[in-house]
2 protein chains.
Amino acid sequence: MRPQKALDKEVISGLTKVFSSKGYEGASLQDLATAASLKKASLYHRFPNGKKEMADAVLAHLQAWVQENVFDILNDTHTKPEVRLKTAIENIGVLYDGGNRTCIFRALSMEAGMELFGQQIEDGMKVWIAVFEKIGLELKLSPKQAKEYALQTLIDIQGSLILARGLGNTGIFEKTLMNISNRYLK
Amino acid sequence: MRPQKALDKEVISGLTKVFSSKGYEGASLQDLATAASLKKASLYHRFPNGKKEMADAVLAHLQAWVQENVFDILNDTHTKPEVRLKTAIENIGVLYDGGNRTCIFRALSMEAGMELFGQQIEDGMKVWIAVFEKIGLELKLSPKQAKEYALQTLIDIQGSLILARGLGNTGIFEKTLMNISNRYLK
DNA sequence: GTCTATAGCTAGATAGAC
DNA sequence: GTCTATCTAGCTATAGAC
C-alpha cells in the first residue's frame with residue numbers, strides 16, 4: 001500500500017466544508033476530492049458507497065462534535081446550569097464559525113437530501129429540542145415555557161444563520177446567540 | 001407558430017415549485033420542463049438564457065406577489081396598522097403554504113446560487129426588514145425596538161420554516177406567525 | 001492507499017422539422 | 001410555440017497500475 005496521504009480528520013473537514021456550503025446535490029465528487037486533498041478514486045477507496053457515505057460521515061462527525069461540545073456540556077449536572085448554558089452557546093458559535101458556516105441540516109434538507117437524510121435531520125433536531133428543554137427546566141422554567149424556549153432557540157439559530165448569510169452580516173448571528181442566552185437567564 | 005400549450009402562469013408556477021423544493025443546482029431542466037408541462041426545448045424558447053433566466057423569472061414573480069400581498073398591505077396608510085399587520089401575516093402564511101413551502105431565498109442561497117442571486121437575496125431581505133420596521137414605528141415602537149422586531153420577524157419566519165420542514169410539522173410555522181403578531185400587538 | 005484512465009450516464013443547451 | 005434529436009461537458013462511479 002502507498003502511504004496515507006491525507007489524515008481522516010482533514011478529509012472529513014474538507015468534505016464538511018463542501019457539503020455545508022454547496023448542499024448535497026451541489027457538491028460534486030470533484031469538489032469533494034479537491035477539498036479532501038485526494039483524487040476522486042481515493043475518496044471512493046475510503047467511502048466505497050460513494051457520496052451518500054461521505055455525507056453520512058460528515059453528519060456523524062458533526063453529531064459527535066455537538067454531543068461533546070453542546071449536549072454533554074448542557075447535561076453536566078456537576079456545573080451550575082447558568083454556566084452550562086453560556087458555555088454551550090459559546091460552542092454553538094464555534095460550530096457555525098460565528099455565523100459564517102451554514103447548518104448541515106439546512107444544507108442537506110433540500111428535496112433530494114430530504115429523501116436521503118430526512119430521518120437523521122428529524123431525529124437530530126428532536127435531540128436539540130430535548131436538551132434545551134431540559135436545561136430550561138433546570139433554570140426553573142415551567143414545562144410549557146421550557147418547551148417554547150427550546151423551540152425558539154432552534155428557530156433563532158437557524159433563522160439568524162440564514163439572515164447572516166443572506167445579508168452578509170454575521171453580527172446578526174452573534175447578536176441572536178446573546179438574545180438566546182439573555183432569554184433564559186434574565 | 002403552433003398554439004401555446006402552457007399558460008405563462010402555469011409555467012411559472014411549475015418552475016417555482018421545482019426551484020423552491022430542489023434549490024438551483026438540484027433543479028434539472030428535465031424537472032423544470034416536466035413541472036411546466038413542456039419539453040426542454042420549449043422552455044428554452046421562453047427563456048433563451050436558460051436556467052438562470054428561469055430562476056430570475058421565479059424570483060421576479062414571487063417578488064411581485066409579496067409586493068402586492070405583503071408590502072403594499074403593510075404600507076396602506078388608509079387602514080389601521082393593527083389590521084394591516086394581521087392581513088400581511090395571513091398572506092405570509094399563504095406565501096409559504098402554511099409551512100409546506102421553502103423560502104426561495106433559502107433555496108437559492110447555497111453556494112452556487114449565492115454567486116448568481118446573492119445580490120437579489122440581500123436586496124430582497126433588506127426590503128422585508130425595512131417594511132416591518134416601518135409598521136413597527138406606526139405601532140409606536142421605539143426606533144431601536146422597531147429595528148429589532150423587524151429582524152426577529154424575519155428570523156422567526158426563516159427559522160420556523162426550517163424546523164417545520166425538518167420536523168415534518170407545519171404547526172411550528174403557524175404558531176410562529178401568531179407569535180410574531182402577538183409580539184407587535186401585545 | 002493513491003493514482004490515471006475511462007466507462008456510462010445525465011446535465012444544460014442547441015438545431016431544425018412542423 | 002412545441003417538438004424530436006442531438007451535441008458537449010460534467011457528473012457518479014469503477015478498473016486496474018503502482
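Every chain is numbered from 1, with letters handed out A, B, ... down the list of sequences.
Neither side chain, Thr176(A) nor Asn179(A), offers a donor N or O lying under 3.5 Å from an acceptor on the other. Inspection of the Ser109(B) and Arg106(A) side chains reveals an N or O donor paired with an N or O acceptor under 3.5 Å.
Every ring-ring contact (aromatic ring centres under 6.0 Å, His included) that Phe117(A) has, sequence neighbours left out, goes to Tyr24(A).
Residue contacts shown for Ala6(A) are limited to sugar-phosphate atoms, with no base heavy atom under 4.0 Å away.
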Seminar exercise, completed: With sugar-phosphate taken as primed atoms, P, OP1 and OP2 and all else as base, the protein-contact string of nucleotides 10-18 of chain D at under 4.0 Å (heavy atoms; B, S, -) is -SBBBB--B
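An OP1 or OP2 oxygen of dT2(C) is reached within less than 4.0 angstrom by no side-chain nitrogen or oxygen of His45(A). For Ser42(A) and dG1(C), the shortest distance from a side-chain N or O to OP1 or OP2 is not below 4.0 Å.
Nucleotide dA15(C) holds its C1' atom 18 Å from the NZ atom of Lys39(B), rounded to whole Å. Rounded to whole Å, the distance from CG on Leu43(B) to P on dT4(D) is 14 Å.
Of the candidates Val58(A), Leu43(A), Leu38(A), Leu43(A) is the only one forming a side chain to side chain contact (heavy atoms under 4.5 Å, CB included) with Leu32(A).
With a 6.0 Å radius and a threshold of 12 heavy atoms from other residues, nucleotides or ligands, Lys52(A) has its NZ atom above the threshold.
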Donor-acceptor contacts under 3.5 Å from residues 151-163 of chain B side chains, at least two apart:
| unit_1 | atom_1 | unit_2 | atom_2 | d |
| --- | --- | --- | --- | --- |
| Gln152(B) | NE2 | Asp156(A) | OD1 | 2.9 |
| Gln152(B) | NE2 | Asp156(B) | OD1 | 2.8 |
| Thr153(B) | OG1 | Tyr149(B) | O | 2.7 |
| Thr153(B) | OG1 | Tyr184(B) | OH | 3.4 |
| Asp156(B) | OD1 | Gln152(A) | NE2 | 2.9 |
| Asp156(B) | OD2 | Arg183(B) | NH1 | 3.4 |
| Asp156(B) | OD2 | Arg183(B) | NH2 | 2.4 |
| Ser160(B) | OG | Asp156(B) | O | 2.7 |
| Ser160(B) | OG | Ile157(B) | O | 3.2 |

